[in-house]
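Worksheet: the structure to be examined is printed underneath.
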Amino acid sequence: MSEWQRVLWREQPFPDNYVPPSFLADLRLNSNFRPFTYWSLVGASGTLIQHICSISILLSIFIKLYTNQLDPRLLVLIITSTFIVGFALCEALSEEEERTLRETRAKVIKSCILVFLTLIALSPVLRTLTAPTSSDSIWALSAFLLFLCLVLADFRGPSAVRKRNESLQHVLSMNAGLAASIVLCSRLSDNLSVFALVLFSLELFGLFPIFRNQLKITSSVISHSLTLVFIVIAVALQASISALATITICSVLVFAMFCAPGLMIWAQQHKNEIRGPWDVAVPIVR
Amino acid sequence: MPINIAMVSDFFHPNIGGVENHIYMLSVELIKRGHKVIVITHSHPPDRVGIRWLVPGVKVYHVPFPTIASSATLPNFLTFLPYLRNILLREHIHIVHGHASLSSLAHEAVMHAHLMGVRTCFTDHSLFGFDDAAGILTNKLLEGALRNVDAVICVSHTGRENTVLRAALSPSRVYVIPNAVVAERFTPPEVPQTTDIITIVVISRLAYRKGVDLLVATAPRICQKFPQVRFLIGGDGPKVVELHQMREKYLLQDRIELLGSVRHGDVPSVLQQGSIFLNTSLTEAFGIGILEAACAGLYVVSTKVGGVPEVLPSEMISFALPEEDDVVSAISEAVQIVTDGRHDPAAAHNRIRTFYNWPRIAARTEKVYSDIQSTEPIDLITRMQRVLSLGPFFGPIQLAILVVDCIFFLVLEWWYPRENIDYVKYDWDIQKFEKLYGLDRRNAGVVPFNLP
């Protein structure tokens, strides 16, 4: 009896449901499997922690403005100074030429002034924009928007960041964050507070991710210490508001930093990647 | 012993495609072998509704279900049962044969058939991955539908492995029966092609999965390398723009001809203009296109994906990895073979004709039916146990559907008793028809419905 062959073009002395010994020989299971280690995952959670802290800080700043514990002028001052420091750091870390840097600097200053003036002009409008909506709806809406901002954020590693392709998801996240602050600012009493809050959320969700990615490419030490600074600020601000909020933010951070990596490693044992000749090939074109 | 078979699929005439053609040709051949075949599909309002007949005696039931994308109906699990019960009972059906894994009608027919004491068979025509959302969802539905099927047919060995994994089947219940071609339609040209000009034919839907990127990358290099080569590209799709751009960029308007979409009836005449057929698909369960081309006497160059390596003997085809350089070298090899006259179109045609013909496929399918009928049907308790083993979440859902289905069936038995059904007493007799109209039996059978 001749040997079975994996061909269709000739009749073979085997029934059509014959199971050859080579059945599923080309099946590959978990060929791209790369086990995670716990501490590398904890290190990688930094971006997520920074984002959670950003949202927490925005909320505590809002509460402080809402209860008149914080002078909006001071907040504007802080925003401006952190922006200048951050921009200078970004320039120092970037590897581009002096001339292109000077060009971008001029552009940045121009757009800064533009955004500043637009926001000042818009702040009375923003303050009354959702004024007739009841506060309950505002809290619910802003919670939903901040949740969107958290889950849609771009947490990918520096390798993906380096390509500089702004994904739609990331843009949606940024917009959700901004929308949350705009919705919230209608509960504030004066125009300057509104201006300060929106400006702050712009810096937090619009500019900070750029800075964060730049840091991630250049130095992991600075990146990690930045995470630490964020945790301290977020917890300190919450602590000055209420004990319950402090406990909540602390438990969320501990979970994201230490429990989530453990869960991830546990979940990896269920990984079941099936590859074989039936997969859609990836064409290689020069 | 003649049996009564019901083919069930969402994809059938008047739509055109590989599955549609397969069902029709298989039905025709089974009718010729003395069986009775009906087809159950969804309706195409306003004109294709109710019961229609196709030459040479295929009875088509159009069930009034609306379609969603790509002519498929929504999975509705229960509402198909009243229609199916009446049709299967009045036509005295023994075996339900579902086709195509994206057809919910086929899935549901396989699911309901046991209530009427009808045995089941299912043909899977396509390959699915395991890592995309569509794959994950349809694989689970397929697993649920095929949990209690009596036999499954796949069109290639690769397809069989894929289906066994996707639907968690026992491999011995899965048969491999390839597609076939109507060799009379795909004949080599009577005057052989000259080797002064070598025409490379491509006929395919111009989409990413068909590897148009590879075609766009290789065609200019081949044109540069061989001044005697020209391309003839038939088909339409989202990637047609890239082909136009490539042609303009390299100024190849006189050497690359784009035909636009080609009607199925015109495919043979396009194939006859060429001597090499190029297929750059990235995935292919069987590759009926390369079989048709080989039958028309063309030498085939194809990417080595899916079930393609199984279809043709090595002297009729050159394989390439899905890489630009490899495709170029495979085409170069093919051009050399054709130039040297080492490829004999007539011999290739005869070889395909003797093996890939529909009577043979029908005979092999008939064997599957007799295997099904020689086994004992699965009883309800075993069905329930099998369905429950689908998983902690999907299992109970499917079990609930199965139980409700049984209750619904009992309600139907009471509400519309069997004795009220209008049973079919006289079946179509093809021999009588031929005697009356003097039709040549062979011609009546082999002319596909979608010829102009």
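Any value given below was found using the heavy atoms of this structure, including those in side chains, with hydrogens, waters and symmetry copies removed.
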Practice item. Run the numbers on B:Arg364 and A:Glu11 for salt bridge (Lys or Arg N to Asp or Glu O under 4.0 Å), then give the verdict. Key: CA-CA 11 Å; B:Arg364 287 166 75 173; A:Glu11 196 156 8; over 6 Å; no
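Minimum heavy-atom separation, B:Tyr208 to A:Ala281: OH-O, 4.3 Å. The two residues B:Pro171 and A:Phe23 come nearest to each other via the heavy atoms CB-CE2, 3.7 Å. In this structure, A:Ala25 and B:Glu161 approach most closely via the heavy-atom pair N-OE2, 4.2 Å.
Between B:Tyr175 and A:Pro15, every side-chain heavy-atom pair lies at or beyond the 4.5 Å cut-off. B:Ile177 is listed as a side-chain neighbour of A:Asp16, based on a closest heavy-atom distance under 4.5 Å. In this structure, the side chains of B:Pro322 and A:Ile284 stay at 4.5 Å or more apart for every pair of heavy atoms. The side-chain heavy atoms of A:Arg6 and B:Thr158, taken from C-beta on, include a pair separated by under 4.5 Å. In this structure, the side chains of A:Trp9 and B:Arg351 come closer than 4.5 Å at one or more pairs of heavy atoms. By the 4.5 Å heavy-atom criterion applied to side chains, B:Leu165 and A:Trp278 are counted as neighbours. At a threshold of 4.5 Å between non-hydrogen side-chain atoms, the residues B:Val305 and A:Val280 do not count as touching. Between B:Phe130 and A:Asn272 there is no side-chain heavy-atom pair separated by less than 4.5 Å.
When each of B:Asp325, B:Thr303, B:Ile153 is scored by its heavy-atom pairs under 4.5 Å with chain A, the top score falls to B:Asp325. Put simply, of B:Cys154, B:Gly306, B:Ser172, the one with the most heavy-atom pairs under 4.5 Å next to chain A is B:Ser172. Put simply, of B:Asp213, B:Val327, B:Val311, the one with the most heavy-atom pairs under 4.5 Å next to chain A is B:Val311. Among the candidates A:Ile274, A:Asp279, A:Val282, the residue making the largest number of heavy-atom pairs closer than 4.5 Å to chain B is A:Ile274. For the set B:Val216, B:Asp326, B:Val164, the entry with the most heavy-atom pairs within less than 4.5 Å of chain A is B:Val164.
Residue B:Leu127 touches chain A through its side chain alone, counting heavy-atom pairs closer than 4.5 Å. Only the side chain of A:Arg275 comes within contact range of chain B, with at least one heavy atom under 4.5 Å from a heavy atom of that chain. For B:Val174, the part lying near chain A is the backbone, with the side chain staying farther off; criterion is any non-hydrogen pair under 4.5 Å. Contact of B:Arg173 with chain A is not made at all, since no heavy-atom distance falls under 4.5 Å.
Between the side chain of B:Arg160 and the main chain of A:Asn17, a donor-acceptor pair closer than 3.5 Å is present.
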